[in-house]
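Shown next, in structure tokens, is the structure this report addresses.
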Protein chains: 2
Amino acid sequence: MAATINKIKDRLMEKGLKVTPQRIAILEAIYSLNNHPSAEMIMEYIRETYPGIASGTVYKVLDVLIEHQLIDRVKTDKDIMRYDGILEDHHHLYASESAEIKDYLNEELDEILKNYFQQNAIEDFEIQRIRLQINGRFLNNRKNGKSRS
Amino acid sequence: MAATINKIKDRLMEKGLKVTPQRIAILEAIYSLNNHPSAEMIMEYIRETYPGIASGTVYKVLDVLIEHQLIDRVKTDKDIMRYDGILEDHHHLYASESAEIKDYLNEELDEILKNYFQQNAIEDFEIQRIRLQINGRFLNNRKNGKSRS
DNA sequence: GTGGTTGCAAACCCTTTGCACGGCA
DNA sequence: TGCCGTGCAAAGGGTTTGCAACCAC
């Protein structure tokens, strides 16, 4: 399961990156923890099987992966970064209560937005990407969401 | 010009906050620097007329103003906070080249989004707020944008 | 072999906090 | 006078950096 180690290796090689255990472990962590983990969550996950990894290394690897477009950063309301293994453009659902972030992909919506802005161009601004930041709360909670009120 | 000091005083009083020179200066800075200034930009602006202000104070005042909904925080791709004097729900244009952030208010768009999500509810998720994060670049640059193509 | 990677620890930077002083209601 | 607000300086916490040792190619 997971994206399999081999697939991860292929992706690294395709980008001309050296295939190292640390890089594999970090990518595997991001794909497995598919809740947009923070650097700390990634380290915690990795240390179960790879206790020796240094936090500086994790940050450096994350930078390299972002630079080569294997992952992306997600901004949250707090001041910590989180990382996303999905590359296609997509939107995010934020549940501030539980600090969960979920992906939201929807082509129909993207089409609507695209059409809208084609007909209503913003003066002096060239749009490169539009992301919805959908805040709210998850109902029918999975256990990691505090279900207050 | 600007929101006039008196209006600022009124707003503070309406919220039951003590009217102090620091709070007035900070609010005035945010309204004047209407490019969603960072704490540092606010301090720099204020120090021209009020050199003695402490950075701790600025942060504390900003927290109080947010708490009482006189301003709001804006998250950027970088890890520094920026502050917004507009209270109504609105969207943001981000120009990463120049670190500019502009407001984008558009009721028609909001209506479209509202309708869309009424007809396409997201399973197990209650939407509280939707914000568009529109990334791109400003054309026809104003001088504070570095116009590297 | 050798240049890119890693580990480690210190540095960084923005932000927060604690506490004593000061000033407005 | 009482309490909230301010100034100052130190602490905090996530992230970055410098450099020597290492290892994937």
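Residue numbers start from 1 in every chain, and the chains themselves are labelled A, B, ... in the order their sequence lines are given, proteins ahead of strands.
- Ionic pairing of B/Asp124 and A/Arg137 is not present here: no N-O contact between side-chain nitrogen and carboxylate oxygen is shorter than 4.0 angstrom.
- Between the CD1 atom of B/Ile24 and the C1' atom of D/dG5 there is a distance of 13 Å, given to the nearest Å.
- An OP1 or OP2 oxygen of C/dT15 is reached within less than 4.0 angstrom by a side-chain nitrogen or oxygen of B/Tyr59.
- Candidate nucleotides C/dT6, D/dT6, C/dC8 were compared by shortest atom distance to the side chain of A/Ala54, and C/dC8 ranks first.
- Checked against C/dT5, D/dT15, C/dT6, the side chain of A/Leu17 finds its nearest nucleotide in C/dT5.
- Rounded to whole Å, the distance from CD on B/Glu40 to C1' on C/dC14 is 9 Å.
- Looking only at distances, a side-chain donor or acceptor of B/Ser32 sits under 3.5 Å from a matching main-chain atom of B/Glu28.
- As rounded to whole Å, 19 Å separates atom P of C/dC13 from atom CZ of B/Arg82.
- Between the P atom of D/dT16 and the CD1 atom of A/Ile66 lies a distance of 9 Å, rounded to the nearest Å.
- For D/dG18, its base sits under 3.5 Å from the side chain of A/Lys60 at one donor and acceptor pair at least.
- Of the candidate nucleotides C/dT6, D/dT16, D/dC4, D/dT16 has the atom lying nearest to any side-chain atom of A/Asp63.
- Nearest nucleotide to the side chain of B/Arg23, out of D/dT6, D/dG14, C/dT6: D/dT6.
- Checking C/dT5, D/dG14, C/dT15 against every side-chain atom of A/Lys18, the shortest atom distance belongs to C/dT5.
- Atom CD of B/Glu67 is separated from atom P of D/dG5 by 10 Å (rounded to the nearest Å).
- Using a 3.5 Å distance cut-off with no hydrogens or angles, the side chains of B/Tyr94 and B/Glu100 do not pair a donor with an acceptor.
- Ring orientation note: the planes of B/His92 and B/His36 are nearly perpendicular, at an angle over 60° on the 30°/60° scale.
- For the pair A/Met13 CE and C/dT5 C1', the computed distance is 17 Å after rounding to whole Å.
- Remark: B/Leu65 CG to B/Arg23 CZ distance equals 7.0 Å, nearest 0.5 Å.
- Counting any heavy atom pair closer than 4.0 Å across all strands shown, A/Val19 reaches sugar-phosphate atoms only and no base atom.
- Heavy atoms of A/Val61 sit under 4.0 angstrom from primed sugar atoms or phosphate atoms, though from no base atom.
- In this structure, the CD1 atom of A/Ile80 is 17 Å from the C1' atom of C/dC13, given to the nearest Å.
- Between C/dG7 and A/Gln22, a contact under 4.0 Å exists linking OP1 or OP2 to a side-chain N or O.
- B/Thr20 comes within 4.0 angstrom of the backbone, heavy atoms only, and of no base.
- Note on A/Tyr83: nothing from the nucleic acid sits closer than 4.0 angstrom, heavy atoms only.
- Sequence order on DNA chain D of the closest nucleotides to B/Ile53 and A/Pro21 puts B/Ile53 first from the 5' end.
- B/Leu62 is listed as a side-chain neighbour of B/Ile30, based on a closest heavy-atom distance under 4.5 Å.
- Look at CG on A/Leu62: it is 14 Å from C1' on C/dT5, rounded to the nearest Å.
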